[in-house]
Amino acid sequence: MPSNQSGDAKRTSLHGFWSSRMVFILAVTGSAVGLGNIWKFPYIAGQNGGGAFVLVYLFCVVLIGMPVMMSEILIGRRGRRNPVTTMALLGEEEGGSRHWQWVGGMGVLAGILILSYYSVIAGWTLGYIVKSAAGAFTGASAELIGAEFGAFVGDWRQVVLVHSLFMGLTVFVVARGVERGLEQAVKIMVPALLLLLLILLGYSMTSGHFGEGVAFMFTPDFSKLTWNSVLVALGHAFFTLSLGMGAIMAYGAYLSDETSITESSIAVVIADTFIALLAGLVIFPLVFANGLNPASGPGLVFQTLPLAFGQMPGGAFFSTIFFILLSFAAWTSALGLMEPAVAWVVEHLNRTRAQAAVMIGSLIWAIGLGSALSTNVLSNFRFLINVDTNGDGIMDAKGTIFDNIDYLTSNIMLPLGGLLIVVFAGWVMCRNSTADELGGAGASFKIWRFLARYLAPMGILFVFMKAIGILDWIVALFG
Ligand code: PHE
């Protein structure tokens, strides 16, 4: 199949280019590193039994996340438009069908839904900046800090307020389109966050039950692993790397032709994984030292870290800085979550960037109220998925609005989007086009192509079918 796009007649970006390779890596890292690494990874690892889950997550990151990331960047760079238009354009050029635009469409929707609850959790971090600065955790016991968290998320006024504040901040930046400011923010934020995590690591190595924490994270006990946990690990690999919904594709559109996609992807994956593991190594020793439950859920980080800060000299100061940095990390991720939707509205509904940001932002804010109220007014409004509410490993209730939106997006929409993206890059696009983007048909290209054509799609499908039970059903039918 010949490619219509020859090397010397490439499309050019509509919005300029990243100023350097380093800036691109930082921007993608800024999108990847967020609440997923520090808030979500530790609590889902805790809920899914630790070691075995972490191992599966690492496999998913390397064998599925890597090839999907390379595919998204190369598709984005070749299309050089918003994800919906890019998929339509390349679909036509490479495979004769504009229907591939629906992959971009699903990404737009996934971004909206994820940001709706992401903003609520980011709001919690904003609230914790204020609490830290006021010295609320200084010398406080685990019980007190737990009660403080419960009271905070249990008060709908406070949660809605901070959710609104975070959405406001996000809309403001997206509306002004200050990519320059973003570059600066990411340059300072990622290294600073890393430094603070290292300080915390020092604390948990000396004051926590470090050996127990390490054992929990790295000793795989496969008896604790269900197929649903495997799906959660796969879903989290997509979530934490910002894959499967077009955010990275949108960033790839501004990447210069010279930058190596393979090397950039490796750098981002290493940075993102390192930060998640570091967060786990800080949190689990503290969990065990203070008799907390690793499976206690979304409040885990908000209950363990303040406890550590409360006992450190200068804790109120460090705690304030930490939650500021975490809010920044959430903010740079939120921009990526909103970008596909905003770019789409600008191009298809002919709005200015500011109008689009306000429209999409209001929609996301309204949907987010459902998640904001999931820990208070609507905490008993439960449906569809099963959850474990007290961390005893038994699914004892249906999920809240927050639980359901999280499950639908992370565990279904992102892996499905990722599946369609690697299938597109591996099977629909001509070998020449992809080789051209990935710097020639060398060894790394061959590995990528094998993963993109076989291992990643088959792995995603297999986990889906196992978790949903289809495979067992088929086996039973023929067995
Ligand atoms: N990767 C981000 C995190 O870990 C979340 C995210 C998902 C951002 C998808 C953009 C797109 O917090």
Side-chain angles (χ1 to χ4, degrees), residues 25-45 57 60-61 65 68-69 72-73 76 82-83 103-104 106-125 166 170 173-174 182 186 189-190 193-194 197 232-252 265 268-280 298 301 325-343 360 364 368 371 405-418 421:
I25 292 178
L26 278 171
V28 179
T29 308
S31 161
V33 174
L35 297 173
N37 306 61
I38 291 165
W39 159 73
K40 197 174 189 191
F41 171 70
Y43 94 74
I44 58 175
Y57 153 78
C60 290
V61 162
V68 174
M69 176 166 288
E72 273 205 39
I73 301 176
N82 77 72
V103 177
M106 185 172 73
V108 167
L109 188 65
I112 289 174
L113 289 175
I114 293 175
L115 188 51
S116 79
Y117 77 78
Y118 202 83
S119 165
V120 172
I121 313 297
W124 294 359
T125 66
F166 185 79
T170 304
V173 175
V174 172
L182 225 182
V186 175
M189 188 273 299
V190 177
L193 193 63
L194 200 63
L197 280 172
V232 173
L234 173 69
H236 187 66
F238 282 96
F239 185 92
T240 190
L241 295 172
S242 307
L243 297 175
M245 47 85 46
I248 300 298
M249 207 185 277
Y251 284 7
S265 301
V268 172
V269 168
I270 290 178
D272 187 79
T273 309
F274 185 71
I275 292 190
L277 293 178
L278 202 57
V301 187
L325 290 173
L326 189 54
S327 304
F328 259 106
W331 203 25
T332 54
S333 298
L335 304 177
L337 282 164
M338 214 163 136
E339 188 58 34
V342 169
I360 296 291
I364 294 174
S371 295
I405 293 187
D406 177 34
Y407 195 90
L408 171 72
T409 50
S410 307
N411 303 339
I412 297 172
M413 293 177 87
L414 297 185
L416 191 61
I421 287 167

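The analysis underlying the following values was restricted to heavy atoms, covering all of them including side chains, and did not include hydrogens, waters or symmetry mates. In each ligand, atom 1 is the first atom listed, and ligand 1 is the first ligand listed.
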Shortest non-hydrogen pair, L277 vs F41, comes out as CD2-CZ, 4.1 Å
Looking only at heavy atoms, which two atoms of T29 and A271 are closest? And how far apart?
-> CG2-CB, 4.1 Å
Of G244, G36, A110, S31, the one whose closest heavy atom lies nearest atom 2 (C) of ligand 1 is S31
Candidates G34, S242, A32, A334; heavy atom nearest atom 8 (C) of ligand 1 found on S242
Does the N or O separation between [X] and ligand 1 drop below 3.5 Å for any pair?
{"X": "F239", "result": "yes"}
{"X": "I114", "result": "no"}
{"X": "L243", "result": "no"}

Under 4.0 angstrom from ligand 1, any heavy atom of Y118?
-> yes
Would you confirm whether [X], through its side chain, and [Y], through its main-chain N or O, come within 3.5 Å as a donor-acceptor pair?
{"X": "T332", "Y": "A329", "result": "yes"}
{"X": "T240", "Y": "A237", "result": "no"}
{"X": "N37", "Y": "D272", "result": "yes"}
{"X": "T170", "Y": "L335", "result": "no"}

Which atoms of ligand 1 sit under 4.0 Å from any heavy atom of L35?
-> 12 (O)
What part of M245, side chain from CB on, backbone N/CA/C/O, both or neither, has a heavy atom under 4.0 Å from ligand 1?
-> side chain
